[in-house]
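In the text below, chain A, chain B and the rest are named by the order of the sequence lines, each starting its count at 1.
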Amino acid sequence: MVGLVAYWLMKSEPDVFGYEDLVRVKREGWDGVRNYQARNFIRQMSKGDLAIFYHSNATPPGAAGICRIVSRPEPDPTQFDPTSKYYDPKSTAAEPRWDWVVVAPKKRLNFVPLDTLREIPELVDCRLLAKGNRLSVMPLTDAEFDAIVDAGS
DNA sequence: GCCAACGTTGGC
DNA sequence: GCCAACGTTGGC
């Protein structure tokens, strides 16, 4: 029996790591999530889930591609690294606070800018478009995911 | 437990 | 660079 695939949206700043970087490196641990709500969503991810790779803090911001979750959630190693900007001294190996998943590129989208996303009826209730939204990892419904993919295909 | 101060996110 | 929105921290 095939498990259900869940859909997500994950934000990254393309100046730091964009979809083309993921295409180039093929796999990347999604490090640096230091928000509990986002962390909890990461912990709900399963291998095989799909995510919209969203470019935040960009000109323009928008959906750049589809990626696949290729690992289970596991401790984000940067939390243990004192030289990392994501180092968390309160995190221990026994009780890691922060998880990541490894992602791989699935399909490049024709870039869907935020302005266009706002015009998609299926996305009216999407948290991405809510005022003041800062969540960097969020679930999408099937309809939301499909609508974004359609807009970029 | 409240809340002010502060830091971060992210669109513009 | 600005600033609104939000999360976290820490004094009380």
Expressed in angstrom and rounded to an integer, what is the separation of [X] atom [atom1] from [N] atom [atom2]?
X         : N       : atom1 : atom2 : result
Arg118(A) : dC12(B) : CZ    : C1'   : 11 Å
Leu129(A) : dG10(B) : CG    : P     : 14 Å
Glu13(A)  : dC12(B) : CD    : P     : 15 Å
Asp115(A) : dG10(B) : CG    : P     : 17 Å
Asp15(A)  : dG10(B) : CG    : C1'   : 13 Å
Leu117(A) : dG11(B) : CG    : C1'   : 13 Å
Met10(A)  : dG10(B) : CE    : P     : 13 Å
Gln37(A)  : dA5(C)  : CD    : P     : 18 Å

Over 60° means perpendicular and under 30° means parallel, so tell me whether Phe53(A) and Phe17(A) are parallel, tilted or perpendicular.
tilted

Of all the nucleotides listed ([options]), which has the minimum atom distance to the side chain of [X]?
X         : options                  : answer
Lys11(A)  : dG10(B), dG7(C), dC12(B) : dG10(B)
Leu114(A) : dG7(C), dG10(B), dC12(B) : dC12(B)
Ser136(A) : dG10(B), dC12(B), dG7(C) : dG10(B)
Tyr36(A)  : dT8(C), dT9(C), dC12(B)  : dT8(C)

A side-chain contact here means heavy atoms from C-beta on lying under 4.5 Å apart; do Arg108(A) and Tyr19(A) qualify?
yes

Heavy-atom side-chain contact between Lys11(A) and Pro61(A) under 4.5 Å
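No, too far: nothing below the 4.5 Å cut-off.
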
Nearest-nucleotide comparison on DNA chain C, the residue closer to the 5′ end among Asn57(A) and Gly132(A):
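Going by which nucleotide is closer to the 5' end, it is Asn57(A).
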
Please compare Lys131(A) and Arg34(A) by the position of their nearest nucleotide in DNA chain C and report the one closer to 5'.
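Per heavy-atom nearest nucleotide, the more 5' residue is Lys131(A).
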
Closest approach of Ala104(A) to Leu22(A) (non-hydrogen atoms, all atoms of both residues)
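Residues Ala104(A) and Leu22(A), closest heavy atoms: C-CD2, 3.9 Å.
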
Considering only NZ, NE, NH1 and NH2 on the basic side and carboxylate oxygens on the acidic side, decide whether Asp76(A) and Arg39(A) come within less than 4.0 Å.
no

N or O in side chain of Tyr54(A) less than 4.0 angstrom from dG11(B) OP1/OP2:
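Answer yes for this pair, as a side-chain N or O of Tyr54(A) is under 4.0 Å from OP1 or OP2.
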
